[in-house]
Structures are given as C-alpha cells and as structure tokens.
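Remarks on the structure that follows.
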There are 2 protein chains.
Amino acid sequence: MEFKLLRIDLWNQKVREEKIDEKILRKFLGGRGLGAYLALREIPPGADPLGPENRLYILTGPITGTAAIESGRYHAVAKSPLTGILGDSNSGGQFGPWLRFAGYDGIVLEGMSEEPVWISIIDGEVKFHDARSLWGKGVIYTERIIRENVGITKEDLGSVLAIGPAGENLSKISAIMNDRYRAAGRTGLGAVMGSKRVKAIFAYGKRQIELYDRQKFFEAAKKLMKKIQEHSISQALGKYGTAVLVNIINEHGGFPTKNWTRGTFEKAYEISGEYLAEKYLKTNKGCWGCIIRCARVAEVKSGPYRTPVSEGPEYETIWANGGNTMIGNMEALIKINYLLNDLGFDTISFGNTAATLMELYEKAQKGELPEDKAKKLLSLLGDIEPTWGNADAVIQLIWRTAYRDGIGDYTAEGAARLAEAFGSPDSAVHVRGLELPAYDPRAINSMALSYATSNRGGCHLRAYAVSFDVLGVPKKFDPLKVDLEKVKLIKFQQEHFAVIDSLVVCKFNTFADSPEDYVPLLQAAMGWEDLTTEELLTIGERIYNVERLFAVREGHGYKDYLPKRLVEEPLPDGPAKGKTAKEAIEKYLPEYYKLRGWEDGKPLPETLKRLGLEEFLYIVS
Amino acid sequence: MEFKLLRIDLWNQKVREEKIDEKILRKFLGGRGLGAYLALREIPPGADPLGPENRLYILTGPITGTAAIESGRYHAVAKSPLTGILGDSNSGGQFGPWLRFAGYDGIVLEGMSEEPVWISIIDGEVKFHDARSLWGKGVIYTERIIRENVGITKEDLGSVLAIGPAGENLSKISAIMNDRYRAAGRTGLGAVMGSKRVKAIFAYGKRQIELYDRQKFFEAAKKLMKKIQEHSISQALGKYGTAVLVNIINEHGGFPTKNWTRGTFEKAYEISGEYLAEKYLKTNKGCWGCIIRCARVAEVKSGPYRTPVSEGPEYETIWANGGNTMIGNMEALIKINYLLNDLGFDTISFGNTAATLMELYEKAQKGELPEDKAKKLLSLLGDIEPTWGNADAVIQLIWRTAYRDGIGDYTAEGAARLAEAFGSPDSAVHVRGLELPAYDPRAINSMALSYATSNRGGCHLRAYAVSFDVLGVPKKFDPLKVDLEKVKLIKFQQEHFAVIDSLVVCKFNTFADSPEDYVPLLQAAMGWEDLTTEELLTIGERIYNVERLFAVREGHGYKDYLPKRLVEEPLPDGPAKGKTAKEAIEKYLPEYYKLRGWEDGKPLPETLKRLGLEEFLYIVS
C-alpha cells in the first residue's frame, strides 16, 4: 500500500511526489509518527521555526478516511515557534480524508513563498493562487472565498485548511484551522504556515483509498465501531460534548481557576456542557465518518455576544477562557470561541495567556511588578481592562492579539514570554513553553507526570491520566494518592496515543478501545499480516523516543518538570485543598525514567538500539 | 518667501526638493488650493485612485505653524477612491507645523513602494524605514513604535502621520490620521496612502518659519486672535466641543436619525456635548497653537466600553455612529470613536455605512431586498447583528471592516457601494459617493445647496450653511424658508472656506473672522503688500473652479444633486415634519450657476478666463 507525500517547494512553486518506503511506515505508521521521523531527519538543528529551513508536515495515516472509526483526522508537525522543539497537533473535521481523496496522503511545505499564496489540490492536480487579497482575513470568510473560487460551495465536498490573521502575524499561539472550526491548535503551527506565507490549502478529489484486504478491514472496523458506540463515555460525549467535564473536574477540585490559583470555580455549572446543551445547542456534529459526534453546533441569537450557528466551545476552550479567566458566562464563551476560531488561535494557549495578563494587571495595580514593567504594561493596554471575568476585555484582546496591536503584540507571544516580558515569569503556567490544559495536577496527581513528560510541552493528549484518575478507565484510582502503578499506565497511554495519532484516528476511541483492536485493521489495510499488539506498542514507544530526540538535539526542552506554581503553591480550595504536585512529580519521574530507559530526560543509547533507532544514536552519544 | 515641496519617489526611495513659484502661490496660496492645482496638472485623467499614477499631496500653507490663530493644520489631496474625483481633507493636531519645522512646506507621495515603508523627516533629512512589522497595526501603537524608533517619545515633540489597517486594506472610507486622534478623514485618502504602502511619516525639526514682516504679522494675528477668543461660539466650542450641536440640531429637527429616515432622536441629550462634558470629560485640548480648544479628552473608566484617556468623539462622529444608527449611549460612542481613530476610519462615512447596513438588514428581514441579495447579506454577517442601536454589533463591524472580513469586505467600500451591492442603492445617503454629514437639508434647507455643490461630494465644510440657517452667523435666516439670499452666502462661504483651507487655518475661525482679517496676515507673511480682500476671495473662487474642473475632466461627478431620500421622502417628525429638500434644491441651483458662471455644473470658458485659468480651458471646450 503506498503512502504518497506531496512535497511543495514554496520558493519555486514546484511540487514533487514522494513514495514513503513501506519499511518506514511499519516503523512509524503515518501521521504523528512519520512526521516526527521526517522532521528529525529533515529540519536542521537550530533551525529558526519561522525561517524557510523549517518544514510543515500535514499528514494522514494508513487508516485516515477509511470507515466510521473516527478516522477523519490529520496530524500537523513542524518545529514549534512557541516551544523551540518539535511541535505537533492533531485535528478532525474533514481535511484529512479529503486530502487522501485528492490524491495525497501527506503534504510537506518547504521553503517560503515570496508573496502570500493559497494552494488547491483537486484530483491530484496542484495549483498555486495569489492570496494577497485573503491576507488579514478570518478563517470563515477565507473558506467562503476559496470555495467560490474553485466552484465547490457545498460544505461537505472538499475541505479548506487555513490560517487566520494570528498565523499570518506569526503569533506563537496561532493554530492551523480546517473546516472553519477545527484546529490543529497546539504549539503555534499557524505561525509556521504564516511564515511560509501559505494562507490556505483546498483539497478535493475522487481517489479511492487503497486497502490490502477490504473485507477483513471492514469486519474489524465494524467490531471496533460497536465497542466505541456502546461505551458510556462515547454516549456522554455525543450528548454533552467535551464540556461534560466541566462539572466533573470542578467537583474534583482540579478545574484551574483564576490563572491556576484555585481549583474550583463557583460558576462552573453556568459554563458546563449540560448548560450549553440546554440553552444554546442546535445539534451535535461529528467529524468525517464519526459516530461519537462530540462537536457542538451552537448559537447565541442576539445580545452583545451574538454568535451565528457554528461549532461551539470545547471543554478546554471553556475552561481556559472561562474558569481560568473567571468568565462565567456561556454566551460570552461561545462568542470568544467563535472569534478565536475565526482569527486562528489555539484556544488553550490563548485563554492561559489572557489569564496571565489578568494576573499581571492585578500585580501591576498592587505594586507587585517591577515599576518600569508595570508602567509599560499599563500604557500598552489601551482600551483593554483585563480584570478577572471581563469578557469584553477578552474579546478586544483577541482582535489586538491577532494583529499584534498594543498589548496584543505581547500576548501574541504566549503566556511564558508575556509573563517574562513584564517581570513575573511564574505568572505563566506552562511546561516547555506550552500553556497547560484544564486539569490541575495538584488535584489529579497523575497529570503531574503526564504534563512533565509530554514531548510537545504541557499537554493532556500525550497521556490522559484523567481517564483513570477521574473517569475510572480502565480502572479507578485515587487522584490524590501517589501510586506508582499509575506511571505504567501513563507510559502505556503515551505509546498507545502515539499510535492513535499516527493511524490517524480519534483519541476518543481510547476510552473504549485497546491496542489489539488496531492490529487486524492494520493487517487488513497494509497487508502486514504478522503485525502484533506488542509491535504496535513498540511503534508507539519508538515515536515517543524520536520526539524526545528532537529536543535533545536542540539542546533544550528535554528536561521534565512542572511549573513552580503547581509544585510550591498549595491549592486553597476544594477537595484537594492544601495539596501541591511536588510529591507526585518527585516520586513518579524516577520510576518513569526506569520504565523508559531514559536518564535525566534523555533516551539511553541501548534504548534507541532496542527500538531500531540506530541512525539517531549520534544525538545521545 | 519660499514654499518647499518634498517630492518622494516611492518606487526608487528617492526624494527631490521643489520650490513652488511665487506666482502659483499667489494664485492658490497653499494647502487645499495648491493641492487642487497640482493634482489637476499632475494626476492623469482616468487614473486609478489606488494605482501608482495617483499622487498624494500633504500640504501646509503660508500661515501654517506661525502663531496662535488656529494654524496647526494641513490639507491632504489626491484622487479619491471613494468618489473617483478630486478628494481632499483637512486635519489639525500638530503634523502641519512639525512638517514645516522639519524643513518642508509640503510632501508629494509619488509612485508606489514595493514593500511597506515609513518615512522620517528630521531636520531636513529624509529616511525610509521598513514598515512590514507595522503593517496591520493600529494608529496608536504605530505612533508608539515609531517614536521609540526615532528616540523622540515626548508627545509634543514632532508628529506622526499614519494610516491604520483600514487604509492598508484599501477601505474607501479610510482616513489619514495624525497625532493619533486627528483625521484627514473624508474621501478615503487613507487608502491612497495604503496603496502606496506608506504606513507613516514622522516629522520633527527646528527650522524657523520665514515671515516677510514678522512684527506686522504678529500684530495682525493678535487682532484676529482677540476676535476669535471673544466670540461666543468659540467659547461654546471650548466648553462643550463640537458636540454642543447635538441638542441644537436635534431641536431644529435636522439631526438625521435611523439612516436619514427621521430628523430627531429621542436620546439626543444622552449623546450631547453637554452630557459628554458632565460625565466623561477629563479636559479640553487644542491643536497646535489653538485658543479655542474644542477637542475633548475623555475616558470611560470601566465596563464594556472602557476607553483609556484619549481624544473623545466630535459632533459628526457622535451623530453618524449615534443618531444615525440609533446608538444612544455615550460610553459606546466614546469607544466606537476610539476604535475608528485607531483603525483609521472616516467616522462620518463609517457611521453612515453602518446605518445603511442596518437598513439593509431590516429590509432583508422584511423581504424588501431581492431574494438572492438578502440571502447573501445574511450569510455574510457572521457574528454581527446590525439592528438599530446595537453598539456591540458596530464595534465588531469596525474590526471586520478594517480587515475586510465577511460583511466588512463590503462595508469597507462605503455606503453607496454597499447599498448597490445588495440591491437597494437609495439606502445610501450620499452625494458623488461621499456620505453626508450631520445636517438634514429637509430641516436646514441651505444645506441642500451646500451638499449638492460641494466639489468633494456631500460635505458640510465647503459651505457651512448651518452657520446662518441655525446659528445666526452672520445673520439668522429661517432654515425652512427658501430664500435666494442664502445662495450668495453659500457661494461666499465656498470661496472663503477655500482660502481658509489653503492658508491653512481652522474653519472655526470663520464664526468670528472675515476675509479682510487675512489680508494683513498674508501681506506680512508673503510680502504681497498689494493684496486685497477681493483678490483673496477670487483666489477662493479660482480654487473652487479648479476642483470642479477635475470632475469635469473625469467625465463624472460634476452634476449637482441631492440623494433621492432627501428630495422625495418628507421628514416624518420634528419641526420640519412633512418637508423635503426638493423646492430648495430646485430653486437654489439655477441661481447658484448664474452667480458662479457655470452651466449644468461645468464652468463656462469665460469664467475660467476671468479667473486666470486659461491653461485648463481645454477641459471645458
């Protein structure tokens, strides 16, 4: 089964097809794994993430776009301008499948265009278009103009991947968007696309995806589909969306509030999935071929936060821009989410950055910032008054950040650089520069290890320890108790999730699935009849090591740690009152390194040899 | 006395000094007059206003920056992208004087830069700077960055003239801004500067302005200053700002409301100058060397419309974005004004365009637009719900218009093109494409002639008939009575105002001054000892004819008319209930042409000969 990569030389507007060797696919599958491998080989050490030497990989996997097992996704990979190490992010919607139908399994953007362009890929034919008049425009209107241009206006035919002004203006917290509301959000990859001056890619075509044994594939898919469909979490996600977590996490005292200074938010119910479903939901929606349908189609009919019918906020968005900034108003959050999508932001990073700004503002007024920094901050705010809970200020801040105006020139850099610029680095809660998501590890202690060891920086999608610490999948643990058994589970998740991101399928499968489920699927798709579950998890481990090697080679970003606030400041409220994440991280980390075959965050040579990564031994020796 | 023009070749980043012949100055003075003359000679007929063949003139006059007689102004001239004929606009602040102190009496931007630039002119030295990182930014932050760059951060030293994103994105209702809050707003000249990719010009220097007879000049200036200072209107302007007019015009039933469908607004008091002074005023402020000090320094301390200490809204801004859109909320208007300044819009044109959009939206919902147009309109609105009085929608619309996103791609074109695009051309109230200002000629009938014959399109600053119809200067007329004596006064004002704009001084002098006052000033400044009042008014008449010739040569824009709504739809309310402007315009126009020596809007050859404009006879013969 071939995997066709489209290499796009932006300097010369030339394209080249490349068939990926099946041996490489068997080692890395596709998506995230293949991206990490290619990035480590092709992006030179020390590369400027916003320079032409960086490359942006948009990759599907062997299962993308095949059958209704949540396979409508792609994975984006590049060196991150936010973290300075490997950046990658996964997105649903329809772009992944349509890219394959258009004739390619992946795209590599190389070099840099002189002028803004957008690219159409229709039935294998690649065309470059002048995007100067699209530059500065939001994602939603961009999609409209591109669809009118190619003459395919029906929403479910073909797909547009685009950046908003945030990406154009090289915001380090910008996303790559597709299908208007779906985001490859994390690690600032929108800015990489922006630096290459590619505004958008349209994909459409009628290519049938090759499968080695179609019948066997569909039988295995059907079986997995049934498991997913019947799982209670799948059903809850369909009914209330990801924001079903708001009340749950808040009740556990792990809903970070007021920029990580509290663990519960008194207005949690008013920004919960239940409240959203009751008041603003038009319908739910799935990505390509999805049976879970967690997306929220919402509307705010009128008033200051009027928002048209569009995909509503996810749990992470609601938390980062709601609890963390103390905006307890669902209408405002629907609007904020809409604007963040339209202007092309990572909603998690943006919300953290806004909350950091609120903390800095409070400190400036209390005289807790260096005097010159406080003065500078206040003079840059203009019409933005970043008080806790001020939704109107956040709305204006979104615009200013997208175009890097005034204080927005600083918030566009993300929370860590913002806090640093105004003399209060610990006001940013991040790991490796990536702002943390919505689970306080002081209340859900496995997340301490999950965050600290995530290769792309503070992230819940490398190992979702909430699954066992809170939701009881595969079994329930005490989230406040330090238990070394959890370390094994986290390592397992990191490997399983790496496989999931490389196939590419949706991580929401993982509440119901197990790695075994993908063995017959891959056997049938690729003809790898001797594939085993063990090999699959080894692929996951290999990917995890390759990602880590990128950071080791850069000479930074491989140390595993938690932000100071979570280790030193006990939670003042909720069920985890008095807790820090200090004990957890100190006990988990040595055990984790033992399991991984790592030392001080670096893979040992024998580990690389065991994983067949001899070509990268030079990095650790 | 020499007049030094700095010609800037943007293609090659080269500059050239040119001394304007004194004979030309004596015919056109400077500022508006000189700009009209140079534009008619240098801009080729049929030129694309946004093409390199257009030229942008930023001109001071012989009195600019001399003494405290409101001489802190400049005049901008180019072919207008909004009207397609000669565009020009006048602005206060400090830029005019600082340009002269920097060594030049005027600038001509020629050609077009490949990449965005900004230009510094410091003590006669001109430098070009890369403005790529400033592109997209608001005017206020742009000024900050430029001042930091040149190392002159004190606000009253030097001056920055800049465009906002509106001008960059070629909005036809964009302004050239200076000193952050002052605008050469009308006729879309921001887009001309944007098309040439000039983001900003900084001027600073220590050149002393030459005067032929300094002592005589100061004596004459002192005398005029006293007249101005003692006039009751000067004092009212200092106390309440231009918005002192809100209540007055509303009481006359000429305060256009709900996009010119009514003549009174029930919330007028809440958006009046008195209310502004009572609730939000920090202090008043004057332009360079001003004794009237009509500018409002205002602040909204917190809440959804929080606005930092900045120059507050003028009467026209309050009306266009308040009464005309039915936003009866001063805090919202202060914020709207701040954003419009920062993003670089003509507030009169923007407010009219927003009100036109509201009317179109209402019509779309009532089924009064063609079905396909209504559908298109609704689908382009996104999160903007343009209902009457909806300030939040207007705030979002400002952002979308600045970056031409969604419906903003249409509102950026101004009211006339917006209304045309959605099948309801009469929903835009304009003359020659320029949206009308805040006086309904159905209630103040001299404004009918004033608007119809204004060379730059619907404008109150070519002849301010409100002065005699409402304010009683030089004497009071009945604003509802058609009286041919008013025609003479309008022609007089048109000539006097052309002189005022060419000297360059502030039009607020004209409540107190008379043309005689400028004769000794010009004699002393230029050494023209034989200058008479009659010659001065002939200069004004000459300028008025040259401007008109530009339109005649273009083959359009010289017909004098009023928009259909004002001629056919009687006012439904207030003191002018039942009135249209039909009788006024029909009776005034023939009388006006007789006085002007024009036929059907075109100057007759003998008129041009009388005015010494033989070189332009080719245009009318």
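The sequence lines fix the lettering, A, B, ..., with proteins before strands; numbering per chain opens at 1. Remember, it's a predicted structure, so these values are computed and weren't measured experimentally.
- Among the candidates B:Ile140, B:Leu339, B:Val300, B:Asn169, the residue making the largest number of heavy-atom pairs closer than 4.5 Å to chain A is B:Leu339.
- Annotation: residues 303-313 of chain A contacts chain B through A:Gly303, A:Pro304, A:Arg306, A:Thr307, A:Pro308 [non-hydrogen atoms, separation under 4.5 Å].
- Looking only at side-chain heavy atoms (C-beta outward), A:Glu168 and A:Lys137 stay at 4.5 Å or farther from each other.
- More than 12 non-hydrogen atoms from other residues, nucleotides or ligands lie less than 6.0 angstrom from CD of B:Glu148.
- Residues of residues 384-400 of chain B having a heavy atom under 4.5 Å from any heavy atom of chain A, listed by number: B:Ile384, B:Glu385, B:Asp392, B:Ile395, B:Gln396, B:Trp399, B:Arg400.
- More than 12 heavy atoms of other shown residues, nucleotides or ligands fall within 6.0 angstrom of atom CD in B:Gln365.
- With no hydrogens or angles considered, no side-chain donor-acceptor pair links A:Thr411 and A:Thr353 at under 3.5 Å.
- Between A:Tyr410 and A:Ala421, the shortest heavy-atom distance links the atoms CD2-CB, 4.2 Å.
- Between B:Tyr338 and B:Tyr181, the ring planes are tilted. Angles from 30° to 60° get that label.
- B:Glu143 contributes atom CD, which lies 10.0 Å from atom CG of B:Leu161 (distance to the nearest 0.5 angstrom).
- When each of B:Lys301, B:Glu331, B:Arg296 is paired with B:Tyr280, the side chain to side chain donor-acceptor pair (under 3.5 Å) condition holds for B:Glu331 and for no other.
- Heavy atoms of B:Tyr403 lying under 4.5 Å from chain A belong to its backbone as well as its side chain.
- Of the possible polar contacts, none joining the B:Lys196 side chain to the B:Ser113 backbone as a donor-acceptor pair under 3.5 Å is found.
- Each of B:Ile145, B:Asp342, B:Leu381 has some count of heavy-atom pairs under 4.5 Å with chain A, and the biggest count is that of B:Asp342.
- Looking at A:Lys335, the atoms closer than 4.5 Å to chain B (heavy atoms on both sides) all sit in the side chain, from C-beta outward.
- Of all the heavy atoms in B:Ala131 and B:Val117, the pair that sits closest is CB-C, 3.4 Å.
- For the atom pair NZ (A:Lys373) and CG (A:Leu360), the distance works out to 11.5 Å, reported to the nearest 0.5 Å.
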